[in-house]
There are 2 protein chains.
Amino acid sequence: MARRFRGESHHKVDSKGRVSIPASFRRVLEASDPNWKSGDTPELVIVYGDHRRNYLECYTMEAIEEVDEKIDALPRGSMERKMLQRLFHGQSFPTTVDETGRLVLPAKLRQKINLENEAFFIAAGDTFQIWKTETYEEEELAKTEEWLDELPDDFDPLAFLDKRPED
Amino acid sequence: MARRFRGESHHKVDSKGRVSIPASFRRVLEASDPNWKSGDTPELVIVYGDHRRNYLECYTMEAIEEVDEKIDALPRGSMERKMLQRLFHGQSFPTTVDETGRLVLPAKLRQKINLENEAFFIAAGDTFQIWKTETYEEEELAKTEEWLDELPDDFDPLAFLDKRPED
DNA sequence: AGGGATGCCATGGGAATTCATGGAAATCAA
DNA sequence: TTGATTTCCATGAATTCCCATGGCATCCCT
C-alpha cells in the first residue's frame, strides 16, 4: 500500500536530539511498516548521504525495501552497485519512532546537516526530508525559485505531469 | 531472515588489536547466526583476500553459508571453484565477537590492511567492511569522486536504481 | 451555548541501561 | 620465561526508558 506523506512543518529539537515528527507522518510510517501492529513503534531508515547532501531523507520500510531489492538486482561487483550500497547501506541509519512520537537524531546526523534548535519536515512522496530550517529557507527555496524563473512566465508545472519519459 | 547491516562508524583499535564493532552490527550478526542464543557471542567470518585487497570483509554465518553452498555447486576441479575456495576458505578467518562487543584482529590481519589506531566500519548489504580510516578516505573516496566526475554534471546516482540490466 | 471531560499532541527532565574503551590479572604457547 | 592471547573488571559518555506537563481540539451533556 503506497501511502504518501503530505505536508510540511517545523519542530523543536531538544538537547538530546529528540524531535517530534508530524503526527500524520507517523500514520504513514505505521501503515508502511510490514511488521508494525497497533501499539508499537514504526521503523524507518534515515539516509543521510555524503558530504554534499545537507538534509536527511527518511524512508518507510516499504520504500527502503524496494530500493534494497533494486540494489540486489544489480550485478555483484559493479560500480553502480557499490555506489548505491555505500549510499543506502553505509550512509544510512535505521531507527524507530519512539512511544511519544519522536525521532532521536544522533549527534553525528545533527552535525551533518547542522541541525540545532529547529527542524523542518517536508513530505516527498514515499519519503520525507528533514532540514535545518535556515538551510531550507536560504538554500533550497532559493534554488527552486531560481529554477522556476528560467521557465516562461506563464508556464504551469502541471505540464510536467504528462511529459513522456524520453523527453 | 536476511537482515541487513546499515551505517558506518569509526572505532579505536587498541594495542592488542581489539576493536568495538558498532552495536547495531552486533544485532545483525546475532540474528544471522543460526547457533546463536541470547547471552552468547555471535560468530562471523572475516575474508581478507589476496594482496590487492586493502580492507576486511565480514560475513554473517548465514551469508558465508550461502557463499559456501554456491562454491560447492561448482564442478570439482574447475578453476572457478579453486579460486573461490582459495579466497573464501583459505584467505579468511573465522572468529566471534567477544562479550564486550569487540573483535580481536590478529596482527596478521591488521598488517594486511595497515590498521593502526582507528578502524572504519561500513555496511554493505549482508556484509560489512573494515578499513583503515585513512585508506578509505584517501583511496576509496578518491576513486568514487573520480568515477562520479565522469558522469554528466546533473547526474543523480539514484538513476541507477531504475536502470535496465541490459544497458 | 456553556462547560466540562477526554484524548492526542508536542515537549521536558531524570533515572536506568548500554556502549566504547582502558587496564590488570590469568592463561597459553613456544 | 617472555610475549601474546584471553578473561575479567572498571568507568565515563551516550542513549534509551519512563513518567510528567501544558496546549489544543473534539465530543458530549444539559
Side-chain angles (χ1 to χ4, degrees), chain A residues 5-31 36 38-44 46 48 56 58 93-112 115-123 128 130 133, chain B residues 5-31 38-44 46 58 93-112 115-123 128 130-131 133:
Chain A
F5 294 102
R6 295 222 180 260
E8 49 178 2
S9 65
H10 299 272
H11 292 267
K12 274 222 156 181
V13 182
D14 73 18
S15 54
K16 297 187 203 171
R18 296 183 298 189
V19 54
S20 285
I21 76 171
S24 73
F25 286 15
R26 290 203 285 273
R27 300 293 96 79
V28 179
L29 289 174
E30 291 165 354
W36 181 84
S38 172
D40 59 30
T41 64
E43 293 187 275
L44 70 154
I46 304 180
Y48 50 87
L56 308 175
C58 303
F93 171 71
T95 185
T96 73
V97 177
D98 75 14
E99 314 67 35
T100 70
R102 284 182 285 200
L103 232 43
V104 182
L105 303 176
K108 187 181 146 197
L109 293 201
R110 278 177 277 153
Q111 280 159 15
K112 176 133 194 328
L115 199 57
E116 280 157 353
N117 300 309
E118 200 187 62
F120 175 67
F121 289 75
I122 182 164
F128 64 89
I130 304 178
T133 299
Chain B
F5 294 102
R6 283 200 195 273
E8 52 179 356
S9 64
H10 299 271
H11 292 266
K12 278 223 155 176
V13 182
D14 73 17
S15 54
K16 300 185 210 170
R18 297 183 299 186
V19 54
S20 284
I21 76 171
S24 73
F25 287 15
R26 291 202 284 273
R27 300 292 97 78
V28 179
L29 289 174
E30 291 165 355
S38 171
D40 58 31
T41 65
E43 294 186 274
L44 70 154
I46 304 179
C58 303
F93 171 70
T95 185
T96 74
V97 177
D98 76 15
E99 313 68 37
T100 69
R102 284 183 282 203
L103 278 177
V104 181
L105 301 175
K108 184 182 155 196
L109 293 200
R110 276 177 279 154
Q111 281 158 15
K112 177 134 194 326
L115 198 57
E116 279 158 354
N117 299 310
E118 201 187 61
F120 176 67
F121 289 75
I122 182 163
F128 64 89
I130 304 179
W131 294 74
T133 298

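Protein chains get the first letters and strands the later ones, always in sequence-line order, with residue 1 at the start of each.
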Roughly how many Å is it from [atom1] in [X] to [atom2] in [N], rounded to a whole number?
X        : N      : atom1 : atom2 : answer
A/Asp98  : D/dA20 : CG    : P     : 17 Å
A/Lys12  : D/dG23 : NZ    : C1'   : 15 Å
A/Leu109 : D/dT15 : CG    : C1'   : 14 Å
A/Asn117 : C/dT11 : CG    : P     : 12 Å
B/Asp14  : C/dG23 : CG    : C1'   : 10 Å
B/Lys108 : D/dG3  : NZ    : P     : 23 Å
A/Arg18  : D/dA20 : CZ    : C1'   : 12 Å
B/Glu99  : C/dG22 : CD    : C1'   : 16 Å

Exercise for review: Determine the contact category for A/Arg110: base if any of its heavy atoms lies under 4.0 Å from a base atom, sugar-phosphate if only primed atoms, P, OP1 or OP2 are that close, otherwise nothing.
Suggested key: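 Since no nucleic acid heavy atom lies under 4.0 Å of A/Arg110, the category is nothing.
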Exercise for review: Please work out if B/Ile21 contacts a base, only the sugar-phosphate, or nothing of the nucleic acid, heavy-atom cut-off 4.0 Å.
Suggested key: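 It contacts sugar-phosphate atoms only.
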Exercise for review: Give, for atom CG of A/Asp40 and atom OG1 of A/Thr96, the distance between the pair rounded to the nearest 0.5 Å.
Suggested key: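 Between A/Asp40 CG and A/Thr96 OG1, I get 9.0 Å after rounding to 0.5 Å.
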Check your understanding: Are OP1 or OP2 of C/dA10 and a side-chain N or O of A/Arg26 less than 4.0 angstrom apart?
Key ->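 So the side-chain polar atoms of A/Arg26 do come within 4.0 Å of the phosphate oxygens OP1 or OP2 of C/dA10, strictly under.
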Practice item. Might you confirm whether atom CZ of B/Arg27 has over 12 heavy atoms from other residues, nucleotides or ligands at distances under 6.0 Å? Key: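 It does: B/Arg27 CZ has more than 12 such atoms within range.
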**Study point:** Earlier contact from the 5' end, DNA chain C, for A/His11 and B/Ser24
**Key:**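 In this pair, the answer is A/His11.
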Point to revise | A/Phe25 and A/Phe128 aromatic ring geometry - parallel, tilted or perpendicular at 30°/60° bounds | key: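 If you compare the ring of A/Phe128 with that of A/Phe25, the planes turn out tilted.
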**Study point:** A/Thr100 side-chain proximity, nearest of C/dC19, D/dT6, D/dC19
**Key:**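 Of the candidates, D/dC19 comes closest.
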Check your understanding: Out of C/dA10, C/dG23, D/dC18, which nucleotide sits closest to the side chain of A/Arg102?
Key ->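 Side chain of A/Arg102 sits closest to D/dC18.
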**Study point:** From B/Trp131, B/Phe121, B/Phe120, residue fulfilling ring-ring contact (aromatic ring centres under 6.0 Å, His included) relative to B/His11
**Key:**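 Filter result, single survivor: B/Phe121.
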Point to revise | Among B/Leu109, B/Asp98, B/Thr95, side chain to side chain contact (heavy atoms under 4.5 Å, CB included) partner for B/Leu103 | key: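 Testing each of B/Leu109, B/Asp98, B/Thr95 against B/Leu103, the sole residue satisfying side chain to side chain contact (heavy atoms under 4.5 Å, CB included) is B/Thr95.
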Point to revise | Of A/Phe93 and B/Pro106, the one whose closest DNA chain D nucleotide lies more 5' | key: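 Result of the comparison: B/Pro106.
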Review point. Below 3.5 Å, does any donor atom in the side chain of B/Lys16 face an acceptor in the base of D/dT6, or the other way round?
Key: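 For B/Lys16, whose side chain was compared with the base of D/dT6, there is a donor-acceptor pair (under 3.5 Å).
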